[in-house]
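To start, the structure under review is shown below, and the notes come after it.
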Amino acid sequence: MSIIVGGGTGFIGRHFAKLGASKGYKVISVSRNAGPNRITWQDVSRSGLPEDCIAVVSMSGEPILQPFKKWTPDFKERIRASRVDKTRLLSAAIAQSSKPPKVFVSLSGVSYYKPHPNKEYTEESLVEPYDYLSELTRDWERAAALPDTVSTRSVIVRTGVVLGKDGGMVQNLKTPFYLGAGGPIGSGKQWLPWIHVDDMVGIILFSVENDNVKGVLNGTAPGVVASGEFTKSFASAMWRPHLFPMPAFVVNNMFGSEAGIVMLEGQKVTPKRALELGYKFKYPDVTSACKELVS
Ligand SMILES: NC(=O)c1ccc[n+]([C@@H]2O[C@H](COP(=O)([O-])OP(=O)(O)OC[C@H]3O[C@@H](n4cnc5c(N)ncnc54)[C@H](OP(=O)(O)O)[C@@H]3O)[C@@H](O)[C@H]2O)c1
């Protein structure tokens, strides 16, 4: 039984492959480059999905936050194509398959919800694009839509900031915090809708294995906190001070003002549906997550 994962060679994908293999699945990534346990996007376009494919997961994407990489029109096009076009390619392959998989799980982002100091968002909240990233997210989710004639169950996971020792935001924070130079990012008052990578891949597998899971799930931890509370817990788990803020102008200089918003503003997003459906979080609060991240 294989699970085909678009962009499965990255940070989340490596963790998902490990979890999937431990449960007896053959996890195959769809990649730009050929290699072991991989097929290429051209293979999928040419030959469709493998016969034994029971699930497809879409998680490819050019990283949006890269220091000193400004969001030029060309870079924005790469951000979009790597998500929207690749997701569309997978949904088309499912629609054309003579033996469609039972489920299609497609990741998107919590940037669909407009940053707000005290509004709480669940999957039932109305979403309306308000900037480049939210328009991209709308189009990304639309690209995952399957025709009504296809029996495949469809799940969208609106993913928060994924925390893990070996990738994403933690990799950028580890060194300055270890050296005692860590502190809040911007005001530190903005929400940080985070999730531990074990729960991120746990929710994906939960969606694959449970036939009653469909529609949108927020991929965030129940214990959503302000960004400054997270950096404080992270410093404390490392036994380091939390004294040196990274001011907004430094963030904007490093990432550009459009991308900087992702770090300087945030949304209070809760995983209402995952909890209702019975998903049990391994790391529901920031203290337990930070202990694991620095262990
Ligand atoms: N990590 C987070 O905090 C977070 C938060 C919210 C949403 N997400 C979303 O979750 C997905 C997976 O996240 P991740 O952190 O695992 O991502 P990642 O490690 O940065 O990248 C995932 C994979 O995307 C493929 N990729 C990168 N640039 C590409 C391009 N220009 N064209 C086509 N494919 C490209 C790469 O596969 P190949 O090199 O093998 O082609 C890469 O291994 C992404 O779509 C991301 O936007 C992540």
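Note that the coordinates shown come from a computational prediction; the quantities given were computed from them, not determined experimentally. Just so you know, residue 1 is the first one in the sequence shown, and it goes up from there. Whatever order the structure lists ligands and atoms in, that order sets their numbers, starting from 1.
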Any N or O of [X] closer than 3.5 Å to N or O of ligand 1:
X: Gly13; value: no
X: Arg78; value: no
X: Ser60; value: yes
X: Glu62; value: yes
X: Leu107; value: no

Closer than 4.0 angstrom: is that true for some heavy atom of [X] and an atom of ligand 1?
X: Gly109; value: no
X: Gly160; value: yes
X: Trp194; value: no

Closest approach of any protein heavy atom to [atom], naming residue and atom:
atom: atom 36 (C) of ligand 1; value: Arg32 NH2, 3.7 Å
atom: atom 37 (O) of ligand 1; value: Thr9 OG1, 3.0 Å
atom: atom 19 (O) of ligand 1; value: Phe11 N, 2.9 Å
atom: atom 11 (C) of ligand 1; value: Met59 O, 3.2 Å
atom: atom 2 (C) of ligand 1; value: Val162 CG2, 3.6 Å
atom: atom 32 (N) of ligand 1; value: Ser82 CB, 3.3 Å
atom: atom 13 (O) of ligand 1; value: Ile12 CD1, 3.5 Å

* Checking ring pair (Phe, Tyr, Trp, His ring centres under 6.0 Å) for the pair Trp71/Tyr132: CA distance, chi angles, key distance, verdict? -> CA-CA 10 Å; Trp71 284 6; Tyr132 165 73; 5.5 Å; yes

Using a 4.0 Å cutoff against the non-hydrogen atoms of [X], which atoms of ligand 1 qualify?
X: Val161; result: 3 (O)
X: Ser31; result: 38 (P), 40 (O), 41 (O)
X: Trp140; result: 45 (O), 47 (O)
X: Pro63; result: 20 (O)
X: Gly10; result: 16 (O), 19 (O), 22 (C), 43 (O)

Closest candidate by heavy atom, reference [atom], pool [options]:
atom: atom 6 (C) of ligand 1; options: Thr159, Asn33, Ile64; result: Thr159
atom: atom 22 (C) of ligand 1; options: Ala81, Gly6, Gly7; result: Gly7
atom: atom 21 (O) of ligand 1; options: Ser106, Gly61, Ser108; result: Gly61

Heavy-atom pair with the smallest gap, counting every atom of [X] and [Y]:
X: Ser29; Y: Gly8; result: OG-C, 3.2 Å
X: Val30; Y: Ile4; result: CG2-CG2, 3.4 Å
X: Lys23; Y: Leu205; result: CG-CD2, 3.7 Å

Could you tell me whether the side chain of [Y] reaches within less than 4.5 Å of the side chain of [X], counting heavy atoms only?
X: Ile204; Y: Leu107; answer: yes
X: Lys102; Y: Asp211; answer: yes
X: Thr9; Y: Asn33; answer: no

* To do: Evaluate the side-chain contact (heavy atoms from CB on, under 4.5 Å) criterion for residues Glu124 and Lys272: first the C-alpha distance (whole Å), next the side-chain angles of each, then the deciding distance (0.1 Å), finally the verdict.
  => CA-CA 9 Å; Glu124 285 144 24; Lys272 183 169 184 273; 3.0 Å; yes

* To do: Report the part of Arg83 in contact with ligand 1, treating N, CA, C, O as backbone and CB onward as side chain, heavy atoms under 4.0 Å; options are side chain, backbone, both, neither.
  =>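 Contact part for Arg83 vs ligand 1: side chain (C-beta onward).
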
* Is the shortest side-chain N to carboxylate O distance from Arg158 to Glu123 below 4.0 Å? ->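 Between Glu123 and Arg158 there is no salt bridge, as every charged N stays at least 4.0 Å from the carboxylate O atoms.
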
* To do: Inspect the contact between Lys76 and Glu258 and indicate whether a charged nitrogen and a carboxylate oxygen are less than 4.0 angstrom apart.
  =>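 Result for this pair is yes, salt bridge flagged.
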
* Any chance the side chains of Ser295 and Lys165 put a donor and an acceptor closer than 3.5 Å? ->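 Distance-only check passes for Ser295 and Lys165.
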
* State which residue, out of Glu141, Arg138, Arg142, fulfils the side-chain hydrogen bond (donor to acceptor under 3.5 Å, both in side chains) condition with Ser108. =>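 The passing option is Glu141.
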
* To the nearest 0.5 Å, how far apart are CG in Asn212 and CD in Glu276? ->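 So the gap between those two atoms works out to 11.5 Å.
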
Name the atoms and distances for all side-chain donor-acceptor pairs under 3.5 Å in residues 149-157, with sequence neighbours left out.
unit_1, atom_1, unit_2, atom_2, d
Thr152, OG1, Pro101, O, 2.7
Arg153, NH1, Ser207, O, 2.8
Arg153, NH1, Asn210, O, 3.0
Arg153, NH1, Val213, O, 2.5
Arg153, NH2, Ser207, O, 3.0
Arg153, NH2, Val208, O, 3.1
Arg153, NH2, Asn210, O, 3.4

